[in-house]
Amino acid sequence: MASTQVDREGLHSAYSDVRDDKSDVNWAVFKYEGSQVTVAAKGQTFDDFKAQFGDDERAFAYLRIQTGDEMSKRSKFLMLTWVGTEVSPIKKAKMSTDKALVKDVLANFAVELTIESAHELDHEAFLQELVKAGGANYGTRFRDYACGCSRLA
């Protein structure tokens with residue numbers, strides 16, 4: 001198996017798009033073209049994101065997900081490694097060294113997950129992982145804007 005190369009410029013450009021608050025790009029998926037990891041797709045909706053992964057594929061992804069409460073909203077970032085259920089054991093094993101190459105470009109993220117099944121591609125589960133990684137959550141989920149005070153309903 002040939003040594004893996006990474007399209008660093010392409011990955012960095014997609015990574016920058018996802019990180020840019022002014023960009024509509026919420027995710028980027030990186031797949032193998034032969035022995036090179038390249039940008040396979042970028043997009044906005046989670047449904048489009050989920051459609052990017054096949055059982056016989058290996059991929060990496062970078063997502064922006066908004067977290068927060070009624071008092072503040074913030075973007076958090078997640079790195080995903082996808083290893084489909086039909087990927088050979090040799091290719092699965094190679095993913096750990098290839099991931100290190102990809103992480104040289106995708107340097108900033110709050111959560112890193114490895115998944116292998118389509119049912120694990122769950123926005124709510126990703127959000128909960130980011131919330132857990134973020135620490136304290138003080139929000140009440142309700143706010144009385146007339147008085148500016150928070151309260152439970």
Side-chain angles (χ1 to χ4, degrees), residues 1-139 141:
M1 192 176 289
S3 177
T4 302
Q5 302 296 313
V6 173
D7 174 13
R8 294 181 66 81
E9 190 174 307
L11 268 65
H12 188 269
S13 177
Y15 167 78
S16 296
D17 285 347
V18 175
R19 290 198 61 84
D20 184 353
D21 288 335
K22 295 178 182 124
S23 168
D24 289 337
V25 176
N26 291 321
W27 55 264
V29 174
F30 315 106
K31 293 185 180 179
Y32 291 83
E33 285 185 17
S35 63
Q36 186 174 35
V37 178
T38 64
V39 179
K42 298 187 297 186
Q44 296 175 335
T45 70
F46 196 77
D47 285 340
D48 289 343
F49 172 76
K50 286 177 20 176
Q52 300 300 313
F53 304 95
D55 288 338
D56 61 344
E57 292 183 301
R58 301 175 295 157
F60 302 96
Y62 192 70
L63 292 92
R64 173 178 49 194
I65 297 177
Q66 188 176 52
T67 64
D69 55 31
E70 71 282 356
M71 300 299 287
S72 71
K73 302 286 184 203
R74 56 204 161 271
S75 294
K76 296 290 183 180
F77 301 91
L78 180 140
M79 180 182 163
L80 179 76
T81 301
W82 169 266
V83 185
T85 56
E86 296 175 17
V87 171
S88 73
I90 291 172
K91 287 183 177 180
K92 281 183 184 182
K94 192 156 177 8
M95 289 294 288
S96 62
T97 56
D98 294 349
K99 185 189 321 187
L101 298 172
V102 171
K103 286 170 76 172
D104 280 345
V105 179
L106 313 180
N108 296 305
F109 48 88
V111 171
E112 178 182 346
L113 298 174
T114 299
I115 63 175
E116 59 184 36
S117 149
H119 78 274
E120 294 176 282
L121 293 167
D122 182 302
H123 186 272
E124 186 61 30
F126 292 174
L127 176 61
Q128 291 309 312
E129 289 294 326
L130 288 165
V131 168
K132 280 194 308 190
N137 291 306
Y138 299 115
R141 297 187 188 254

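Values below: all heavy atoms of this structure, side chains included; hydrogens, waters and symmetry mates excluded.
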Minimum heavy-atom distance between V102 and L11, given as atom pair plus value: CG1-CD2, 4.2 Å
Any idea which heavy atoms bring V83 and E116 closest together, and the distance? O-CB, 2.7 Å
Rounded to the nearest 0.5 Å, how far apart are NZ of K132 and OG1 of T67? 14.5 Å
Partners of F46 by ring-ring contact (aromatic ring centres under 6.0 Å, His included), sequence neighbours excluded? F49, H123, F126
Ring pair (Phe, Tyr, Trp, His ring centres under 6.0 Å) contacts in which one or both residues fall within residues 76-103, not counting sequence neighbours: F53-W82, Y62-F77
Under 4.5 Å between any side-chain heavy atoms of D104 and R8, yes or no? yes
Show every salt bridge (Lys or Arg N to Asp or Glu O under 4.0 Å) that has at least one partner inside residues 27-47, sequence neighbours left out. D17-K42, K31-E57
Report the C-alpha distance between F30 and L106 in whole Å, list the side-chain angles of each, state the deciding distance to 0.1 Å, and finish with yes or no for side-chain contact (heavy atoms from CB on, under 4.5 Å). CA-CA 11 Å; F30 315 106; L106 313 180; 3.6 Å; yes
Side chain to side chain donor-acceptor pair (under 3.5 Å) filter on Q52, not counting sequence neighbours, yields none
Is the backbone of T45 close enough, under 3.5 Å, to the side chain of W27 for a donor and an acceptor to pair up by distance? yes
Write down the atom of A133, the atom of A110, and the distance for their closest heavy-atom approach. CB-O, 3.9 Å
K99 meets the salt bridge (charged side-chain N to carboxylate O under 4.0 Å, His left out) criterion, sequence neighbours left out, with E112
What pairs with N26 under side chain to side chain donor-acceptor pair (under 3.5 Å), at least two apart in sequence or on another chain? R64
CG of L130 to CG of L78, rounded to nearest 0.5 Å, is 5.0 Å
Set of side chain to side chain contact (heavy atoms under 4.5 Å, CB included) partners for A51, sequence neighbours left out: none
Can you find a pair of side-chain heavy atoms, one from Y15 and one from N108, that are under 4.5 Å apart? yes
With sequence neighbours left out, the residues meeting side chain to side chain contact (heavy atoms under 4.5 Å, CB included) with D122 are E124, A125
In chain order, what residues pass the side chain to side chain contact (heavy atoms under 4.5 Å, CB included) check against Q5, with sequence neighbours excluded? S3, Q36
Any idea which heavy atoms bring K92 and V87 closest together, and the distance? CE-O, 3.3 Å
Those residues that, when tested against T81, pass side chain to side chain donor-acceptor pair (under 3.5 Å) (two or more places apart): none
By side chain to side chain contact (heavy atoms under 4.5 Å, CB included), E86 pairs with (sequence neighbours left out) D55, D56
Has S13 got a side-chain atom pairing as donor or acceptor with G10's backbone, closer than 3.5 angstrom? no
Could you work out, with side chain to side chain donor-acceptor pair (under 3.5 Å) as the rule, every residue matching S23, not counting sequence neighbours? none
Please name the pair of heavy atoms, one in T4 and one in V37, separated by the smallest distance, quoted to 0.1 Å. CG2-CG2, 3.9 Å
A side-chain contact here means heavy atoms from C-beta on lying under 4.5 Å apart; do L101 and T97 qualify? no
Spacing of CG belonging to L63 relative to CG belonging to L80, to within rounding of 0.5 Å: 7.0 Å
